[in-house]
Amino acid sequence: MHQDFLKPRLDGARFSEHSIPLELLKDFAALEEMLIEVAKWKFRQAHPDSKRIQRNFSKGLELHLSGVEDGSAIPSIVMMFAGLSPAENATYFEQARTDIIDAIACAEQGTTPRLPANLLGYFDRFGRGLREGESMEFSRPDGSTTRLNPEVRKSLIRSAQVDVWTEEVALRGKISEADQARQSFELELRDGTKLKAPLSDQHLSTVLDAFRDYREGAHVLIQGVARKDRQDRFKEFETVEHVSPLDSLDVILRLEELASLQDGWLDGRGLAPKPEKLRQLAALFDANFDADLILPHLYPTAEGGIQAEWSLGDWETTLEIDLATFKGEYQALNLADQQSQEHDFDLTGVDGWKSLNDALRSVGGAQA
Amino acid sequence: MTPDTLLLRQIHPNFVQEGRVTSQAFRPTPKDEHRLSVDNGDRMQAKAAWARFTSDPACSSVGVMAVSQAECAAQNLPVIEDGSPYQEHCSIDFSTFEKKEVERKAKVLSRQAQGRGWLFVACGAA
(Lines give C-alpha, C1' and ligand atoms only; values in the text may rest on other atoms or scores of the structure.)
Protein backbone atom coordinates (compact mmCIF):
# COMPACT_ATOMS: atom_id res chain seq x y z
CA MET A 1 0.00 0.00 0.00
CA HIS A 2 1.11 3.61 -0.27
CA GLN A 3 0.14 7.14 0.61
CA ASP A 4 1.10 10.51 -0.82
CA PHE A 5 4.14 11.89 0.97
CA LEU A 6 5.74 14.79 -0.91
CA LYS A 7 5.11 16.75 -4.12
CA PRO A 8 7.84 19.37 -4.61
CA ARG A 9 7.38 21.58 -7.68
CA LEU A 10 10.55 21.76 -9.77
CA ASP A 11 11.04 25.07 -11.51
CA GLY A 12 13.55 25.82 -14.27
CA ALA A 13 14.16 25.35 -17.98
CA ARG A 14 15.17 21.68 -17.58
CA PHE A 15 11.75 20.86 -16.12
CA SER A 16 9.61 22.79 -18.58
CA GLU A 17 8.68 19.64 -20.53
CA HIS A 18 7.11 18.16 -17.38
CA SER A 19 9.93 15.71 -17.02
CA ILE A 20 12.83 15.32 -14.58
CA PRO A 21 16.46 14.66 -15.58
CA LEU A 22 17.57 11.27 -14.27
CA GLU A 23 20.61 12.86 -12.65
CA LEU A 24 18.32 14.69 -10.22
CA LEU A 25 17.08 11.35 -8.83
CA LYS A 26 20.35 11.24 -6.83
CA ASP A 27 19.06 14.24 -4.89
CA PHE A 28 15.86 12.42 -3.97
CA ALA A 29 17.83 9.35 -2.91
CA ALA A 30 19.80 11.66 -0.59
CA LEU A 31 16.52 13.13 0.67
CA GLU A 32 15.34 9.64 1.64
CA GLU A 33 18.55 9.07 3.63
CA MET A 34 18.09 12.45 5.27
CA LEU A 35 14.47 11.70 6.16
CA ILE A 36 15.46 8.46 7.90
CA GLU A 37 18.13 10.21 9.97
CA VAL A 38 15.88 13.15 10.85
CA ALA A 39 13.09 10.69 11.74
CA LYS A 40 15.49 8.87 14.11
CA TRP A 41 16.36 12.22 15.68
CA LYS A 42 12.65 12.93 16.19
CA PHE A 43 12.25 9.47 17.75
CA ARG A 44 15.09 10.18 20.18
CA GLN A 45 13.47 13.49 21.10
CA ALA A 46 10.18 11.70 21.77
CA HIS A 47 11.89 8.94 23.77
CA PRO A 48 14.66 10.66 25.73
CA ASP A 49 15.08 7.62 27.99
CA SER A 50 15.57 5.23 25.13
CA LYS A 51 19.27 4.69 24.62
CA ARG A 52 18.93 2.99 21.28
CA ILE A 53 16.98 3.40 18.13
CA GLN A 54 15.03 0.24 17.57
CA ARG A 55 16.46 -2.12 15.03
CA ASN A 56 14.69 -2.00 11.66
CA PHE A 57 13.46 1.51 12.50
CA SER A 58 12.53 2.17 8.88
CA LYS A 59 11.69 -1.38 7.90
CA GLY A 60 8.64 -1.60 5.74
CA LEU A 61 8.78 2.08 4.85
CA GLU A 62 10.19 3.25 1.56
CA LEU A 63 9.84 6.34 -0.56
CA HIS A 64 9.07 5.77 -4.23
CA LEU A 65 8.67 8.09 -7.17
CA SER A 66 5.24 7.15 -8.47
CA GLY A 67 4.92 9.68 -11.28
CA VAL A 68 5.57 13.17 -12.58
CA GLU A 69 2.69 15.63 -12.63
CA ASP A 70 2.34 18.75 -14.77
CA GLY A 71 3.18 22.19 -13.41
CA SER A 72 6.78 22.71 -14.57
CA ALA A 73 7.44 19.23 -13.16
CA ILE A 74 6.08 17.81 -9.93
CA PRO A 75 7.53 14.48 -8.83
CA SER A 76 4.95 12.55 -6.88
CA ILE A 77 6.75 10.84 -4.00
CA VAL A 78 4.76 8.26 -2.07
CA MET A 79 5.49 6.32 1.08
CA MET A 80 5.24 2.57 0.50
CA PHE A 81 4.42 0.30 3.42
CA ALA A 82 3.61 -3.31 4.06
CA GLY A 83 0.09 -4.07 5.23
CA LEU A 84 -2.98 -1.90 5.22
CA SER A 85 -1.66 1.01 7.26
CA PRO A 86 1.74 2.60 7.72
CA ALA A 87 3.97 1.35 10.49
CA GLU A 88 3.98 3.21 13.77
CA ASN A 89 7.27 4.90 12.94
CA ALA A 90 5.74 6.54 9.85
CA THR A 91 4.69 9.44 12.04
CA TYR A 92 8.38 10.29 12.63
CA PHE A 93 8.91 10.39 8.88
CA GLU A 94 6.08 12.88 8.56
CA GLN A 95 7.60 15.02 11.33
CA ALA A 96 10.98 14.74 9.62
CA ARG A 97 9.47 15.97 6.37
CA THR A 98 8.02 18.99 8.17
CA ASP A 99 11.33 19.75 9.90
CA ILE A 100 13.32 19.52 6.66
CA ILE A 101 10.93 21.88 4.90
CA ASP A 102 11.07 24.21 7.93
CA ALA A 103 14.86 24.23 7.69
CA ILE A 104 14.64 25.27 4.03
CA ALA A 105 12.19 28.03 4.96
CA CYS A 106 14.49 29.30 7.73
CA ALA A 107 17.45 29.45 5.35
CA GLU A 108 15.32 31.20 2.74
CA GLN A 109 14.25 33.77 5.33
CA GLY A 110 17.77 34.22 6.66
CA THR A 111 17.14 32.69 10.09
CA THR A 112 18.95 29.78 11.71
CA PRO A 113 17.45 26.35 10.95
CA ARG A 114 16.48 24.29 14.00
CA LEU A 115 17.83 21.00 12.67
CA PRO A 116 21.16 19.91 14.18
CA ALA A 117 24.25 20.74 12.10
CA ASN A 118 25.03 17.08 11.36
CA LEU A 119 21.60 16.59 9.79
CA LEU A 120 21.85 19.83 7.80
CA GLY A 121 24.96 18.26 6.29
CA TYR A 122 22.65 16.16 4.09
CA PHE A 123 22.00 19.30 2.04
CA ASP A 124 25.48 18.66 0.66
CA ARG A 125 23.81 16.04 -1.54
CA PHE A 126 20.12 16.99 -1.42
CA GLY A 127 19.78 20.00 -3.73
CA ARG A 128 23.24 19.61 -5.25
CA GLY A 129 21.76 18.79 -8.63
CA LEU A 130 19.94 22.13 -8.88
CA ARG A 131 21.51 24.64 -11.26
CA GLU A 132 21.42 28.43 -11.26
CA GLY A 133 17.85 29.56 -11.90
CA GLU A 134 16.33 26.25 -10.74
CA SER A 135 14.44 25.52 -7.55
CA MET A 136 12.30 22.97 -5.69
CA GLU A 137 9.19 24.44 -4.13
CA PHE A 138 7.68 22.77 -1.05
CA SER A 139 4.24 23.34 0.46
CA ARG A 140 4.05 23.97 4.20
CA PRO A 141 1.22 23.00 6.54
CA ASP A 142 0.06 26.64 6.83
CA GLY A 143 -0.43 26.82 3.06
CA SER A 144 2.69 28.87 2.35
CA THR A 145 5.56 27.62 0.20
CA THR A 146 9.33 27.66 0.45
CA ARG A 147 12.00 27.16 -2.19
CA LEU A 148 15.26 25.27 -2.17
CA ASN A 149 17.63 26.76 -4.75
CA PRO A 150 21.46 26.84 -5.00
CA GLU A 151 21.67 29.97 -2.81
CA VAL A 152 19.42 28.54 -0.08
CA ARG A 153 21.34 25.27 -0.21
CA LYS A 154 24.59 27.19 0.30
CA SER A 155 23.10 28.89 3.34
CA LEU A 156 21.98 25.53 4.77
CA ILE A 157 25.46 24.09 4.26
CA ARG A 158 26.98 27.09 6.05
CA SER A 159 24.65 26.33 8.97
CA ALA A 160 25.87 22.71 8.88
CA GLN A 161 29.32 24.02 9.83
CA VAL A 162 31.08 21.53 7.60
CA ASP A 163 34.64 22.29 6.54
CA VAL A 164 34.24 20.82 3.09
CA TRP A 165 31.17 20.56 0.92
CA THR A 166 30.50 19.47 -2.62
CA GLU A 167 29.03 20.92 -5.76
CA GLU A 168 28.19 19.57 -9.20
CA VAL A 169 30.45 21.45 -11.56
CA ALA A 170 31.56 21.78 -15.16
CA LEU A 171 35.12 23.17 -15.12
CA ARG A 172 37.44 23.99 -18.00
CA GLY A 173 41.17 23.68 -17.68
CA LYS A 174 44.38 21.97 -18.73
CA ILE A 175 45.66 18.63 -17.47
CA SER A 176 48.99 19.40 -15.87
CA GLU A 177 49.61 16.02 -14.28
CA ALA A 178 48.48 12.43 -14.79
CA ASP A 179 49.54 9.55 -12.55
CA GLN A 180 48.47 6.17 -13.83
CA ALA A 181 49.88 4.31 -10.84
CA ARG A 182 47.83 6.38 -8.40
CA GLN A 183 44.93 6.62 -10.83
CA SER A 184 44.67 10.37 -10.51
CA PHE A 185 45.22 13.53 -12.52
CA GLU A 186 45.28 17.28 -11.95
CA LEU A 187 43.12 19.86 -13.66
CA GLU A 188 44.75 23.30 -13.84
CA LEU A 189 42.22 26.14 -13.89
CA ARG A 190 42.84 29.51 -15.57
CA ASP A 191 43.75 31.14 -12.23
CA GLY A 192 46.43 28.49 -11.62
CA THR A 193 44.41 26.47 -9.09
CA LYS A 194 45.11 22.75 -9.46
CA LEU A 195 42.41 20.21 -8.59
CA LYS A 196 43.24 16.57 -8.06
CA ALA A 197 40.77 14.15 -9.62
CA PRO A 198 40.29 10.38 -9.75
CA LEU A 199 41.33 8.81 -13.05
CA SER A 200 39.08 6.01 -14.20
CA ASP A 201 39.58 3.65 -17.13
CA GLN A 202 36.85 5.17 -19.27
CA HIS A 203 38.52 8.61 -19.14
CA LEU A 204 42.12 7.39 -19.39
CA SER A 205 42.81 8.04 -23.08
CA THR A 206 41.15 11.47 -23.12
CA VAL A 207 43.08 12.53 -20.02
CA LEU A 208 46.40 11.24 -21.36
CA ASP A 209 45.85 12.97 -24.73
CA ALA A 210 45.17 16.29 -23.01
CA PHE A 211 48.15 15.79 -20.68
CA ARG A 212 50.41 15.13 -23.68
CA ASP A 213 49.16 18.32 -25.40
CA TYR A 214 49.39 20.51 -22.28
CA ARG A 215 52.07 22.78 -23.78
CA GLU A 216 50.03 23.22 -26.96
CA GLY A 217 47.22 24.61 -24.80
CA ALA A 218 44.86 21.60 -24.94
CA HIS A 219 41.86 22.18 -22.68
CA VAL A 220 39.21 19.79 -21.41
CA LEU A 221 35.82 20.15 -19.80
CA ILE A 222 35.41 18.10 -16.63
CA GLN A 223 31.90 17.45 -15.34
CA GLY A 224 31.61 15.92 -11.92
CA VAL A 225 31.39 16.64 -8.22
CA ALA A 226 34.03 18.92 -6.70
CA ARG A 227 34.81 19.61 -3.05
CA LYS A 228 34.89 23.22 -1.87
CA ASP A 229 36.06 24.71 1.39
CA ARG A 230 34.18 27.20 3.57
CA GLN A 231 35.77 30.06 1.62
CA ASP A 232 34.03 28.68 -1.50
CA ARG A 233 37.36 27.65 -3.06
CA PHE A 234 37.65 24.48 -5.10
CA LYS A 235 39.81 21.82 -3.39
CA GLU A 236 39.54 18.65 -5.51
CA PHE A 237 37.20 16.47 -7.52
CA GLU A 238 35.30 13.82 -5.58
CA THR A 239 33.97 12.14 -8.71
CA VAL A 240 34.42 12.70 -12.45
CA GLU A 241 31.50 11.86 -14.70
CA HIS A 242 32.66 13.20 -18.06
CA VAL A 243 35.96 14.38 -19.57
CA SER A 244 35.56 16.12 -22.93
CA PRO A 245 38.33 17.62 -25.06
CA LEU A 246 37.52 21.22 -25.95
CA ASP A 247 37.64 22.88 -29.34
CA SER A 248 40.46 25.43 -29.50
CA LEU A 249 37.74 28.03 -30.20
CA ASP A 250 35.59 27.01 -27.22
CA VAL A 251 33.45 30.07 -26.57
CA ILE A 252 33.19 29.81 -22.79
CA LEU A 253 36.94 29.29 -22.44
CA ARG A 254 37.68 32.35 -24.61
CA LEU A 255 35.18 34.51 -22.72
CA GLU A 256 36.76 33.40 -19.42
CA GLU A 257 40.10 34.53 -20.85
CA LEU A 258 38.71 37.92 -21.90
CA ALA A 259 37.22 38.41 -18.42
CA SER A 260 40.76 39.06 -17.14
CA LEU A 261 41.17 42.22 -19.26
CA GLN A 262 41.50 45.52 -17.43
CA ASP A 263 40.47 49.00 -18.57
CA GLY A 264 43.23 50.44 -20.76
CA TRP A 265 43.99 47.03 -22.33
CA LEU A 266 44.37 48.58 -25.82
CA ASP A 267 47.61 50.51 -25.42
CA GLY A 268 46.24 52.62 -22.60
CA ARG A 269 42.77 52.88 -24.09
CA GLY A 270 40.03 50.26 -24.41
CA LEU A 271 37.29 49.49 -21.92
CA ALA A 272 37.38 46.02 -20.37
CA PRO A 273 34.27 43.86 -20.89
CA LYS A 274 32.45 43.30 -17.58
CA PRO A 275 32.99 39.72 -16.29
CA GLU A 276 29.35 39.25 -15.25
CA LYS A 277 28.22 40.29 -18.73
CA LEU A 278 30.69 37.84 -20.27
CA ARG A 279 29.25 35.06 -18.09
CA GLN A 280 25.77 36.05 -19.29
CA LEU A 281 26.92 35.99 -22.90
CA ALA A 282 28.57 32.60 -22.38
CA ALA A 283 25.30 31.18 -21.01
CA LEU A 284 23.29 32.66 -23.88
CA PHE A 285 25.76 31.31 -26.41
CA ASP A 286 25.77 27.88 -24.80
CA ALA A 287 21.98 27.71 -24.81
CA ASN A 288 21.23 29.19 -28.24
CA PHE A 289 24.11 28.83 -30.71
CA ASP A 290 23.40 25.84 -32.94
CA ALA A 291 25.87 23.01 -32.42
CA ASP A 292 26.31 22.36 -36.14
CA LEU A 293 27.64 25.88 -36.79
CA ILE A 294 31.33 26.76 -37.01
CA LEU A 295 32.53 28.41 -33.80
CA PRO A 296 33.58 32.05 -34.08
CA HIS A 297 36.85 33.70 -33.18
CA LEU A 298 36.12 36.17 -30.37
CA TYR A 299 37.85 39.48 -29.69
CA PRO A 300 37.33 42.35 -27.30
CA THR A 301 36.28 45.71 -28.74
CA ALA A 302 37.69 49.06 -27.64
CA GLU A 303 34.20 50.01 -26.36
CA GLY A 304 34.01 47.11 -23.86
CA GLY A 305 32.06 44.74 -26.09
CA ILE A 306 32.84 41.52 -27.94
CA GLN A 307 33.25 40.94 -31.65
CA ALA A 308 32.64 37.47 -33.06
CA GLU A 309 34.15 36.74 -36.48
CA TRP A 310 33.87 33.95 -39.01
CA SER A 311 35.94 33.55 -42.22
CA LEU A 312 33.70 31.36 -44.38
CA GLY A 313 35.09 30.94 -47.88
CA ASP A 314 34.52 34.24 -49.69
CA TRP A 315 32.47 35.54 -46.76
CA GLU A 316 33.96 37.63 -43.96
CA THR A 317 31.37 37.84 -41.21
CA THR A 318 31.33 39.82 -37.97
CA LEU A 319 28.91 40.16 -35.07
CA GLU A 320 29.65 43.12 -32.79
CA ILE A 321 27.95 42.54 -29.44
CA ASP A 322 27.12 45.42 -27.10
CA LEU A 323 27.28 43.80 -23.65
CA ALA A 324 25.12 46.52 -22.09
CA THR A 325 22.13 45.66 -24.28
CA PHE A 326 23.09 42.30 -25.85
CA LYS A 327 22.30 43.76 -29.23
CA GLY A 328 24.39 42.28 -32.04
CA GLU A 329 25.32 44.14 -35.22
CA TYR A 330 25.81 41.49 -37.88
CA GLN A 331 27.64 42.10 -41.14
CA ALA A 332 28.60 39.54 -43.76
CA LEU A 333 30.63 40.67 -46.76
CA ASN A 334 31.31 38.51 -49.79
CA LEU A 335 34.82 39.50 -50.89
CA ALA A 336 34.33 38.06 -54.37
CA ASP A 337 31.26 40.04 -55.41
CA GLN A 338 31.03 42.67 -52.62
CA GLN A 339 27.52 41.44 -51.73
CA SER A 340 26.75 42.44 -48.16
CA GLN A 341 24.20 41.32 -45.54
CA GLU A 342 23.54 43.42 -42.47
CA HIS A 343 21.17 42.76 -39.56
CA ASP A 344 20.66 43.79 -35.96
CA PHE A 345 19.92 40.88 -33.63
CA ASP A 346 18.46 40.99 -30.12
CA LEU A 347 20.54 38.34 -28.36
CA THR A 348 18.51 38.42 -25.14
CA GLY A 349 15.93 36.06 -26.64
CA VAL A 350 15.77 32.85 -28.64
CA ASP A 351 14.34 34.60 -31.73
CA GLY A 352 17.46 36.75 -32.12
CA TRP A 353 19.73 33.73 -31.82
CA LYS A 354 17.63 31.76 -34.29
CA SER A 355 17.97 34.63 -36.79
CA LEU A 356 21.74 34.68 -36.21
CA ASN A 357 21.98 30.91 -36.69
CA ASP A 358 19.96 31.15 -39.93
CA ALA A 359 22.06 34.07 -41.20
CA LEU A 360 25.30 32.15 -40.58
CA ARG A 361 23.92 29.05 -42.25
CA SER A 362 23.06 31.11 -45.34
CA VAL A 363 26.72 32.14 -45.77
CA GLY A 364 28.12 28.64 -45.28
CA GLY A 365 28.50 28.71 -41.51
CA ALA A 366 27.44 25.09 -40.97
CA GLN A 367 30.16 22.51 -40.46
CA ALA A 368 30.63 20.11 -43.34
CA MET B 1 55.29 56.06 -51.94
CA THR B 2 54.32 53.66 -54.73
CA PRO B 3 51.29 51.38 -55.13
CA ASP B 4 53.49 48.52 -53.89
CA THR B 5 54.50 50.34 -50.74
CA LEU B 6 53.58 48.23 -47.72
CA LEU B 7 51.92 50.03 -44.84
CA LEU B 8 53.00 48.37 -41.62
CA ARG B 9 50.37 47.79 -38.96
CA GLN B 10 51.11 46.74 -35.36
CA ILE B 11 48.85 43.93 -34.11
CA HIS B 12 47.73 44.02 -30.48
CA PRO B 13 47.95 40.62 -28.68
CA ASN B 14 44.25 40.72 -27.78
CA PHE B 15 43.43 41.09 -31.46
CA VAL B 16 44.80 37.61 -32.21
CA GLN B 17 43.10 34.30 -31.41
CA GLU B 18 44.55 31.00 -32.58
CA GLY B 19 46.71 32.87 -35.09
CA ARG B 20 43.78 34.71 -36.68
CA VAL B 21 43.71 38.52 -36.52
CA THR B 22 40.47 40.47 -36.08
CA SER B 23 39.37 42.87 -38.80
CA GLN B 24 39.28 45.49 -36.02
CA ALA B 25 43.07 45.68 -36.41
CA PHE B 26 42.51 47.26 -39.81
CA ARG B 27 40.07 50.00 -38.92
CA PRO B 28 40.39 52.98 -36.60
CA THR B 29 38.73 52.80 -33.18
CA PRO B 30 36.23 55.58 -32.36
CA LYS B 31 39.00 57.48 -30.56
CA ASP B 32 41.39 57.42 -33.55
CA GLU B 33 39.64 60.31 -35.32
CA HIS B 34 38.94 58.05 -38.32
CA ARG B 35 42.63 57.52 -39.07
CA LEU B 36 44.47 54.21 -38.88
CA SER B 37 48.12 54.51 -37.85
CA VAL B 38 50.65 52.68 -40.05
CA ASP B 39 54.35 52.99 -40.91
CA ASN B 40 55.79 53.44 -44.37
CA GLY B 41 57.38 50.09 -45.26
CA ASP B 42 59.65 51.71 -47.87
CA ARG B 43 61.34 53.67 -45.14
CA MET B 44 61.27 51.26 -42.25
CA GLN B 45 61.65 47.51 -41.72
CA ALA B 46 58.85 45.68 -39.94
CA LYS B 47 61.12 44.65 -37.07
CA ALA B 48 62.30 48.23 -36.54
CA ALA B 49 58.71 49.47 -36.63
CA TRP B 50 57.77 46.91 -33.99
CA ALA B 51 60.78 47.83 -31.83
CA ARG B 52 59.93 51.53 -31.97
CA PHE B 53 56.25 50.90 -31.14
CA THR B 54 56.91 48.57 -28.21
CA SER B 55 59.63 50.79 -26.76
CA ASP B 56 56.70 52.62 -25.19
CA PRO B 57 55.82 50.41 -22.19
CA ALA B 58 52.14 51.32 -22.61
CA CYS B 59 52.04 49.77 -26.11
CA SER B 60 51.80 46.06 -26.98
CA SER B 61 52.27 44.32 -30.30
CA VAL B 62 52.72 40.65 -31.17
CA GLY B 63 53.98 41.50 -34.62
CA VAL B 64 53.49 43.35 -37.84
CA MET B 65 51.13 42.84 -40.78
CA ALA B 66 50.71 45.08 -43.79
CA VAL B 67 48.42 46.29 -46.56
CA SER B 68 49.70 47.96 -49.70
CA GLN B 69 49.02 51.48 -50.86
CA ALA B 70 47.28 50.00 -53.92
CA GLU B 71 44.95 47.94 -51.72
CA CYS B 72 43.99 51.09 -49.83
CA ALA B 73 43.47 52.99 -53.08
CA ALA B 74 41.18 50.21 -54.35
CA GLN B 75 39.04 50.86 -51.27
CA ASN B 76 39.09 54.64 -51.91
CA LEU B 77 41.12 55.10 -48.76
CA PRO B 78 43.70 57.90 -49.00
CA VAL B 79 47.07 57.26 -47.39
CA ILE B 80 48.48 60.39 -45.78
CA GLU B 81 52.22 60.63 -45.24
CA ASP B 82 51.77 62.83 -42.19
CA GLY B 83 55.28 62.26 -40.78
CA SER B 84 53.94 62.79 -37.28
CA PRO B 85 54.77 61.84 -34.54
CA TYR B 86 57.80 60.53 -36.44
CA GLN B 87 59.02 60.69 -40.05
CA GLU B 88 57.89 57.26 -41.24
CA HIS B 89 54.38 57.55 -39.81
CA CYS B 90 51.39 57.49 -42.17
CA SER B 91 47.61 57.44 -41.69
CA ILE B 92 44.95 55.60 -43.67
CA ASP B 93 42.03 58.00 -43.80
CA PHE B 94 38.54 56.49 -43.20
CA SER B 95 36.93 59.83 -42.38
CA THR B 96 34.56 60.05 -45.36
CA PHE B 97 32.87 56.72 -44.65
CA GLU B 98 30.13 55.78 -42.20
CA LYS B 99 30.58 52.94 -39.68
CA LYS B 100 29.21 50.04 -41.70
CA GLU B 101 31.25 51.05 -44.74
CA VAL B 102 34.37 51.32 -42.56
CA GLU B 103 33.72 47.77 -41.34
CA ARG B 104 33.34 46.47 -44.88
CA LYS B 105 36.65 48.06 -45.91
CA ALA B 106 38.36 46.69 -42.81
CA LYS B 107 37.21 43.18 -43.73
CA VAL B 108 38.78 43.51 -47.18
CA LEU B 109 42.07 44.93 -45.83
CA SER B 110 42.20 42.30 -43.10
CA ARG B 111 41.80 39.42 -45.57
CA GLN B 112 44.51 40.93 -47.80
CA ALA B 113 46.92 41.45 -44.91
CA GLN B 114 46.38 37.93 -43.57
CA GLY B 115 46.86 36.52 -47.05
CA ARG B 116 50.23 38.27 -47.11
CA GLY B 117 51.10 36.86 -43.68
CA TRP B 118 53.17 38.19 -40.82
CA LEU B 119 56.04 40.49 -41.79
CA PHE B 120 57.48 40.22 -38.31
CA VAL B 121 56.48 38.14 -35.30
CA ALA B 122 57.75 38.97 -31.83
CA CYS B 123 59.59 36.13 -30.12
CA GLY B 124 57.12 33.73 -28.48
CA ALA B 125 54.08 35.52 -29.88
CA ALA B 126 51.37 34.83 -32.46
Side-chain angles (χ1 to χ4, degrees), chain A residues 216-217 219 247-251 253-255 257-262 264-273 294-320 329-344, chain B residues 9-37 50 52-62 67 71 74-76 85 94 97-115 124-126:
Chain A
E216 281 73 52
H219 281 75
D247 192 294
S248 60
L249 296 181
D250 184 74
V251 166
L253 193 64
R254 175 63 169 164
L255 293 178
E257 184 184 338
L258 296 179
S260 63
L261 290 179
Q262 304 290 321
W265 62 268
L266 186 57
D267 301 332
R269 296 179 296 173
L271 294 174
I294 292 169
L295 291 173
H297 287 77
L298 295 171
Y299 308 96
T301 69
E303 300 81 33
I306 293 294
Q307 181 150 307
E309 300 191 7
W310 295 259
S311 292
L312 305 165
D314 286 335
W315 290 92
E316 277 296 330
T317 304
T318 55
L319 178 74
E320 187 179 344
E329 283 184 28
Y330 175 91
Q331 184 184 75
L333 177 69
N334 187 311
L335 300 177
D337 61 11
Q338 301 305 303
Q339 182 193 343
S340 172
Q341 297 177 5
E342 281 160 8
H343 307 284
D344 288 342
Chain B
R9 177 68 182 159
Q10 302 296 329
I11 306 297
H12 193 277
N14 290 318
F15 279 171
V16 185
Q17 185 193 6
E18 292 289 308
R20 184 189 182 279
V21 177
T22 170
S23 60
Q24 293 178 83
F26 296 92
R27 64 171 164 86
T29 67
K31 289 183 179 170
D32 289 330
E33 296 174 344
H34 309 292
R35 290 184 170 197
L36 187 71
S37 272
W50 175 85
R52 185 211 293 267
F53 183 76
T54 56
S55 66
D56 179 346
C59 294
S60 301
S61 168
V62 288
V67 292
E71 288 163 349
Q75 296 298 313
N76 297 316
F94 286 77
F97 301 102
E98 50 88 30
K99 182 172 183 271
K100 289 193 189 305
E101 191 60 33
V102 167
E103 287 170 0
R104 282 192 285 270
K105 292 180 185 304
K107 286 181 172 69
V108 175
L109 295 181
S110 172
R111 182 71 77 98
Q112 287 165 331
Q114 294 191 68

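Residue numbers begin at 1 in each chain, while the letters A, B, ... track the order of the sequences.
Looking at A:Gln331, both its backbone and its side chain come within 4.5 Å of chain B, counting heavy atoms on both sides. Residue contact with chain A, scored on non-hydrogen atoms closer than 4.5 Å, involves the side chain of B:Arg111 exclusively. Contacts between B:Lys99 and chain A at a heavy-atom distance below 4.5 Å involve the side chain alone, from C-beta outward. Heavy atoms of A:Glu257 lying under 4.5 Å from chain B are absent altogether. Residue A:Thr301 touches chain B through both its backbone and its side chain, counting heavy-atom pairs closer than 4.5 Å. If you measure heavy-atom distances from B:Ser110 to chain A, you find no contacts under 4.5 Å at all. For A:Thr318, the parts lying under 4.5 angstrom from a heavy atom of chain B are both the backbone and the side chain. The part of A:Asp314 that comes within reach of chain B is its backbone (N, CA, C, O), which places non-hydrogen atoms under 4.5 angstrom from that chain. When heavy atoms are compared at a cutoff of 4.5 Å, A:Leu261 approaches chain B solely by way of its side chain, counted from C-beta outward.
Checked by atom type and distance alone, the side chain of B:Asp32 pairs as donor or acceptor with a backbone atom of B:Thr29 at under 3.5 Å.
When all heavy atoms of A:Ser311 and A:Glu316 are compared, the closest pair comes out as OG-OE2, 2.8 Å.
Taking the six-membered ring wherever Trp is involved, the centroid distance between the rings of A:Trp265 and B:Phe15 falls below 6.0 Å.
The side-chain tip of B:Lys105 does not point at the ring of B:Phe94 from less than 6.0 angstrom away and within 45° of straight on.
A salt bridge links B:Lys100 with A:Glu329: the closest approach of a Lys/Arg side-chain nitrogen to an acidic carboxylate oxygen falls below 4.0 angstrom.
Heavy-atom pairs under 4.5 Å with chain B were tallied for A:Thr317, A:Leu266, A:Leu258, A:Asp267; the largest tally goes to A:Asp267. Your options are A:Ala302, A:Ser340, A:Ser248, and the one with the most heavy-atom pairs under 4.5 Å with chain B is A:Ser248. Each of B:Glu103, B:Gln114, B:Lys107 has some count of heavy-atom pairs under 4.5 Å with chain A, and the biggest count is that of B:Lys107.
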| A:Tyr299/A:Glu320 under side-chain contact (heavy atoms from CB on, under 4.5 Å): CA gap, chis, key distance, verdict | CA-CA 9 Å; A:Tyr299 308 96; A:Glu320 187 179 344; over 6 Å; no
| query | How far apart are the C-alpha atoms of A:Glu342 and B:Arg104, what are their side-chain angles, what is the distance that settles it, and do they pass the salt bridge (Lys or Arg N to Asp or Glu O under 4.0 Å) test? | reply | CA-CA 11 Å; A:Glu342 281 160 8; B:Arg104 282 192 285 270; 2.3 Å; yes
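Looking at residues two or more places apart in sequence or on another chain, you find no ring-ring contact (aromatic ring centres under 6.0 Å, His included) involving B:Phe53.
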